[in-house]
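Chain identifiers are assigned alphabetically (A, B, ...) following the order of the sequence lines, protein sequences preceding nucleic acid strands; residue numbering begins at 1 within each chain.
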There are 2 protein chains.
Amino acid sequence: MNGREFKNAMYDGLAKLMKALANPARLEIIEMLSQGEKSVESIVNTTNLSIANASQHLQVLKQNNIVKSRKEGHYVYYSLVNDDFMALYQQISKYAISEIAELERTLNRQREDNYAMNSVSLNELEVMIQNENVLLMDVRPISEYELGHITGAISVSMKELLCCLKDFSKENEIIAYCRGPFCVLADEAVKILTENGFKVRRLDEGYPEWKINQLEKNQ
Amino acid sequence: MNGREFKNAMYDGLAKLMKALANPARLEIIEMLSQGEKSVESIVNTTNLSIANASQHLQVLKQNNIVKSRKEGHYVYYSLVNDDFMALYQQISKYAISEIAELERTLNRQREDNYAMNSVSLNELEVMIQNENVLLMDVRPISEYELGHITGAISVSMKELLCCLKDFSKENEIIAYCRGPFCVLADEAVKILTENGFKVRRLDEGYPEWKINQLEKNQ
DNA sequence: CAATTATTCAATGGATTTGTTGAATAAAAA
DNA sequence: TTTTTATTCAACAAATCCATTGAATAATTG
């Protein structure tokens, strides 16, 4: 193998990986799977994809070693292949959010719309939890909470938020979080709670980012 | 903007960035530019692209804020837009090399072919420089050396290697490096020097990785 | 065993990406 | 000014990607 052939092999391989990531539907699937294992059915329900289309995208991700699958009864469950890929995906989306003006604008507009301008960073959160009385609220579906959540968080799904608000004290500040910067659940939670007189902010990032942070600390 | 529109905007934007990276020719250009500024002409000379084709790929990279250009006289010089992108690219290729079996095999086969199995990591290099008498040899073209090189390295281009070997002592160990793991210059240097009786190994990574490392240390 | 359910496969046509060709620019040299 | 040189633009055909459709598969239920 000469120099040119080698280069071609390497760049073709790298480009193949990038191609697998170069599609909005697949990115949305990846973001979902970074919460934990999901069935094809649940992926179809939260994205707007047809069943066959979602399945095809999943095959592409599988062929590129990004996701793996496991069959149980009628259902096939998909998950990300390892934490290293998750870390890479975080890096990429963090870069995109901070360096691509268009994306930054979109994200900020969304945040403004949702009363969440003064969001809390992961570092701030750590300090706040040690020093103050804050209630950390995981607003993802309970199934995702059960697969893993930020230490000390309680699970309050969006459904519960809409019916059972009286349970919480209005004195402590509430920090709501969900799946990461692209996820709108926390924004909606902030909106609902603010309208009902609670002190509430959202976490800038979400559970996957926190988990990556933890993994890095333990190295 | 509702939740679905927001998601679409974010994932479309992210996918657009990935698309810009999802092409082997563009990746090779990026790798070249991570050495420093290059004219279109020099990009055409080291890649196998036609002039018009290279120019088109450069436009795609420019539209996606990955490279910037500057005109001087007849020539247009391109360079990466900032160090953050370079860090991202490093992350991506590091992931690809370590997690994609096919790429890992290709890379290792190449290294074996070139006698460079026992390569030196950046961390090892740091220790070796402090403790031992090693000669750190930058085998990239001199123009790239002049734009920046690892502290303490001397420039020995491949041309010089082929004519002026006698200048170096055979007692000290030589570490050769070039542009990074995909770059084959260091492998060729190791081959030549080994055949001539020198003690020589290659650096696992290259100048761009070293530079990123330095930037991280200074934060 | 037949019916049902969740997922995958295969085929189709429309959209996008790619490399090539040759013409158009724009700056420097003659 | 005309000519030369380096780069970009525009148009085209080939290749690839994508969503949709309907059939095929494989595990479970009746």
Practice task
Specify the residues of residues 29-46 of chain B, ordered by number, for which at least one heavy atom lies under 4.0 angstrom from an atom of DNA chain C.
Solution key: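 None - not one residue of the stretch has a heavy atom sitting under 4.0 Å from the strand.
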For nucleotides 26-30 of chain D, list the nitrogen or oxygen atoms of the protein found under 3.5 Å from its nitrogen or oxygen atoms, one pair per line.
unit_1: D:dT28; atom_1: O4'; unit_2: A:His74; atom_2: NE2; d: 3.4

Problem - Which residues share a salt bridge (charged side-chain N to carboxylate O under 4.0 Å, His left out) with B:Asp12, sequence neighbours left out - result: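 Checked B:Asp12 against salt bridge (charged side-chain N to carboxylate O under 4.0 Å, His left out); zero matches.
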Problem - Partners meeting salt bridge (charged side-chain N to carboxylate O under 4.0 Å, His left out) with A:Glu72 (sequence neighbours left out) - result: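 Checked A:Glu72 against salt bridge (charged side-chain N to carboxylate O under 4.0 Å, His left out); matches are A:Arg70.
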Problem - Pairs flagged by ring pair (Phe, Tyr, Trp, His ring centres under 6.0 Å) wherever residues 11-53 of chain B is involved - sequence neighbours left out - result: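 Qualifying pairs: A:Phe182-B:Tyr11.
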Exercise for the section: Tell me what A:Tyr77 touches on the nucleic acid: a base, only sugar-phosphate, or nothing, going by heavy atoms under 4.0 Å. Expected result: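 Nothing, no nucleic acid heavy atom in range.
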[X]: which residues meet the side chain to side chain contact (heavy atoms under 4.5 Å, CB included) condition with it, sequence neighbours left out?
X	value
A:Thr46	A:Met32
B:Ile154	B:Leu135, B:Val156, B:Phe168
B:Ser55	B:Gln59
A:Glu144	A:Gln35, A:Lys38, A:Arg140, A:Pro141, A:Arg179

Practice task
For A:Asn53 and A:Leu49, indicate whether the former's side chain and the latter's backbone hold a donor-acceptor pair under 3.5 Å.
Solution key: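 The answer is no, because no donor-acceptor pair under 3.5 Å joins these two groups.
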Got a list of side-chain donor-acceptor pairs under 3.5 Å for residues 14-27 of chain A, not counting sequence neighbours?
unit_1: A:Asn23; atom_1: OD1; unit_2: A:Ala25; atom_2: N; d: 2.9
unit_1: A:Asn23; atom_1: OD1; unit_2: A:Arg26; atom_2: N; d: 3.1
unit_1: A:Arg26; atom_1: NE; unit_2: A:Ala20; atom_2: O; d: 2.7
unit_1: A:Arg26; atom_1: NH1; unit_2: A:His57; atom_2: ND1; d: 3.1
unit_1: A:Arg26; atom_1: NH2; unit_2: A:Lys19; atom_2: O; d: 3.1

Show me the protein contacts with nucleotides 19-22 of chain C, counting only N or O atoms at under 3.5 Å.
unit_1: C:dG19; atom_1: OP2; unit_2: B:Asn53; atom_2: ND2; d: 3.4
unit_1: C:dG19; atom_1: OP2; unit_2: B:His57; atom_2: NE2; d: 2.6
unit_1: C:dT20; atom_1: O4; unit_2: B:Gln56; atom_2: OE1; d: 2.8

Handout entry: ring pair (Phe, Tyr, Trp, His ring centres under 6.0 Å) against A:Tyr145, all qualifying residues, sequence neighbours excluded
Key =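 With sequence neighbours excluded, A:Tyr145 shows a ring pair (Phe, Tyr, Trp, His ring centres under 6.0 Å) to A:His149, given in chain and number order.
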